[in-house]
J.: 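First the structure, which I've put down as structure tokens, then a few questions once you've had a look.
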Amino acid sequence: MGFQLTASDYAEYIRRAYKKINENGEYVTELDLATGDGDHWSNLNMGFTKLNECSDSLSKMTVSDEMKEIGKIMMSVIGGSSGVLYGSAYLAAAKAIKGHETIDAEGLCSILSAMLDAIIQRGQAKEGFKTMIDSLAPAVKVFKECIENGTDEKELCDKVKKAAEDGAENTKNMEAVRGRATYQADKGIGHLDPGAVTMSYQIEVLMDFVKEKIR
Ligand code: ADP
Ligand code: MG
């Protein structure tokens, strides 16, 4: 019962995430021009373009090696703060899933949780600082709660997705404490954080994909 993502499935998720990010360039860039230096989308899109190109070879690895390779590509291609943060996140995910042949609900929860911990450690930010953490942290929290409560997996997918989206939405009224938005006079108040929005895109695509894989 439930879902079991293979490396090939995760590579398919990467292709879909690439598509989602790729088609939202104008909007995300607009957000980053309001609070940052405007390069967040182009950085991330470059990384996902490369991942998309490599998706066939990613699909043939173990899931742990796949995470590690994604991390290395993100670290080297994305640049900016998000390159380092996503790179660290995927390297931590590789460790979290080491020895597993597939990714089930508990495995996916431990991957997202390891990513969150790595991003927090690397960037020295926490929830409420108006960053990508504000989308990922609530998603991880809800994921853990659903697993503890034995929530039906389809419902779990919807809840985790909503937590990520609401989390990104909540950055609108936050004052930035880390990252470039801190340089703005208004500390970004009134604007969504671009990194939180792109994090919510990835979680949204992931949870929609996982939902299709539930047997
Ligand atoms: P840079 O800030 O170096 O230009 P990007 O444009 O690639 O980096 O990414 C900006 C996004 O990165 C922000 O919107 C924010 O979500 C995230 N971010 C920046 N600094 C941090 C940090 N210390 N911890 C977590 N996320 C961060
Ligand atoms: Mg930037």
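Whatever order the structure lists them in is the order used to number ligands and atoms, beginning at 1.
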J.: Heavy-atom contact under 4.0 Å between Arg180 and ligand 1?
T.: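 It does, in that a heavy atom of Arg180 comes within the 4.0 Å cut-off of ligand 1.
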J.: Write out the residue and atom name of the closest protein heavy atom to atom 10 (C) of ligand 1, then the distance separating them to 0.1 Å.
T.: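 Closest protein heavy atom to atom 10 (C) of ligand 1: His40 ND1, 3.8 Å.
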J.: If I apply the N/O under 3.5 Å rule, does Ala125 come out as touching ligand 1?
T.: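 Ala125 vs ligand 1: no N/O contact under 3.5 Å.
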J.: Examine the side chains of Lys144 and Ser113 and answer whether a donor and an acceptor come within less than 3.5 Å of each other.
T.: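 Ser113 and Lys144 do have a side-chain donor-acceptor pair below 3.5 Å.
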J.: Looking only at the side chains, is there a donor atom on one of Ser82 and His40 sitting less than 3.5 Å from an acceptor on the other?
T.: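 Yes.
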J.: Is there a polar contact between ligand 1 and Met132, counting only N or O atoms under 3.5 Å apart?
T.: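 Yes; the residue has a nitrogen or oxygen that sits under 3.5 Å from a nitrogen or oxygen of the ligand.
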J.: Short question: side chain of Lys130, backbone of Met174 - any donor-acceptor pair under 3.5 Å?
T.: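 Confirmed, Lys130 side chain pairs with Met174 backbone.
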J.: Give the residue and atom name of whichever protein heavy atom lies nearest to atom 19 (C) of ligand 1, and the separation in Å to one decimal.
T.: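 For atom 19 (C) of ligand 1, the nearest protein heavy atom comes out as Ser81 CB, 3.9 Å.
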J.: Under a 3.5 Å distance rule, please check whether Asp152 uses its side chain to pair with a backbone N or O of Lys154 as donor and acceptor.
T.: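 The answer is yes, because a donor-acceptor pair under 3.5 Å joins these two groups.
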J.: Please check: side-chain N/O of Ser135 versus main-chain N/O of Ala164, any donor-acceptor pairing under 3.5 Å?
T.: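 Yes.
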J.: Below the 2.8 Å mark, what number of protein N, O or S atoms do you get around the Mg ion (ligand 2)?
T.: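 Atoms of protein N, O or S type lying less than 2.8 Å from the Mg ion (ligand 2) total 2.
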J.: Any idea which protein heavy atom is nearest atom 20 (N) of ligand 1, and the distance to it?
T.: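 Of the protein heavy atoms, Gly179 CA, 3.8 Å lies nearest.
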J.: Among all protein heavy atoms, pick the one closest to atom 23 (N) of ligand 1 and tell me residue, atom and distance.
T.: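 Closest protein heavy atom to atom 23 (N) of ligand 1: Gly123 O, 2.9 Å.
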J.: With Lys20 as the cation and Tyr201 as the aromatic partner, state whether NZ or CZ is under 6.0 Å from the six-membered ring centre and within 45° of the axis.
T.: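 Yes.
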J.: Just need the protein heavy atom nearest to atom 6 (O) of ligand 1, so name the residue and atom and give the distance.
T.: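 For atom 6 (O) of ligand 1, the nearest protein heavy atom comes out as Asp39 OD1, 3.0 Å.
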J.: Identify, with sequence neighbours excluded, every residue that meets side chain to side chain contact (heavy atoms under 4.5 Å, CB included) alongside Glu106.
T.: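 Only Asp104, Ile147 meet the side chain to side chain contact (heavy atoms under 4.5 Å, CB included) criterion with Glu106.
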J.: I want to know if ligand 1 touches Lys130 in the polar sense, i.e. an N/O pair below 3.5 angstrom.
T.: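 Not met; the criterion fails.
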J.: Are any of the heavy atoms in Pro194 under 4.0 Å away from ligand 1?
T.: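 It does, in that a heavy atom of Pro194 comes within the 4.0 Å cut-off of ligand 1.
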J.: Looking only at the side chains, is there a donor atom on one of Asp39 and Ser42 sitting less than 3.5 Å from an acceptor on the other?
T.: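 Looking only at side-chain atoms, Ser42 and Asp39 do not form any donor-acceptor pair under 3.5 Å.
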J.: I need the atoms of ligand 1 closer than 4.0 Å to a non-hydrogen atom of Asn43, numbered in the order shown.
T.: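 Those qualifying, in numeric order: 7 (O).
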J.: What protein heavy atom sits nearest atom 21 (C) of ligand 1, and how far away is it?
T.: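 Answer for atom 21 (C) of ligand 1: Leu85 CD1, 3.7 Å.
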J.: How far is atom 5 (P) of ligand 1 from the closest protein heavy atom, and which atom is that?
T.: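 Of every protein heavy atom, Ser82 OG, 3.3 Å lies nearest to atom 5 (P) of ligand 1.
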J.: Looking at Leu85, Leu116, Val140, which one forms a side-chain contact (heavy atoms from CB on, under 4.5 Å) with Ile133?
T.: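 Per the side-chain contact (heavy atoms from CB on, under 4.5 Å) rule, the option paired with Ile133 is Leu116, out of Leu85, Leu116, Val140.
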J.: For ligand 1 and Gln124, I'd like to know whether there is a polar contact (N/O to N/O, distance under 3.5 Å).
T.: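 Between Gln124 and ligand 1 (N or O atoms, distance only) the closest approach is not under 3.5 Å.
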J.: Side chains of Arg178 and Thr131 only: does a donor on one sit below 3.5 Å from an acceptor on the other?
T.: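 No, Thr131 and Arg178 have no side-chain donor paired with an acceptor closer than 3.5 Å.
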J.: Does this structure show an ion pair linking Arg16 with Asp208, if we count only N-O contacts that are shorter than 4.0 Å?
T.: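 Looking at Asp208 together with Arg16, the answer is no, because their closest N to O distance does not fall below 4.0 Å.
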J.: Does ligand 1 come near enough to Gly80 that some N or O of the ligand is less than 3.5 Å from an N or O of the residue?
T.: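 No - when backbone and side-chain N and O of Gly80 are compared with those of ligand 1, no distance drops under 3.5 Å.
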J.: Between Asp32 and Val28 (side chain of the first, backbone of the second, donor and acceptor by atom type, cut-off under 3.5 Å), is there such a pair?
T.: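 No, Asp32 side chain to Val28 backbone: no donor-acceptor pair under 3.5 Å.
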J.: Pick from Val63, Ile70, Ile97: which one makes a side-chain contact (heavy atoms from CB on, under 4.5 Å) with Tyr10?
T.: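 So, applying the side-chain contact (heavy atoms from CB on, under 4.5 Å) to Tyr10 and each of Val63, Ile70, Ile97, only Ile70 qualifies.
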J.: Between Leu44 and ligand 1, find which residue part has any heavy-atom pair under 4.0 Å and reply side chain, backbone, both or neither.
T.: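 The answer is neither; Leu44 stays 4.0 Å or more away.
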J.: Tell me, which protein residue and heavy-atom name are nearest atom 14 (O) of ligand 1, and how many Å apart are they?
T.: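 Of the protein heavy atoms, Asp193 OD1, 2.6 Å lies nearest.
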J.: Looking only at heavy atoms, is any part of Thr131 under 4.0 Å from ligand 1, and if so is it the side chain, the backbone, or both, or is it neither?
T.: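 Both backbone and side chain.
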J.: Output yes when a side-chain donor or acceptor of Trp41 lies under 3.5 Å from a complementary backbone atom of Ile21, and no otherwise.
T.: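 Confirmed, Trp41 side chain pairs with Ile21 backbone.
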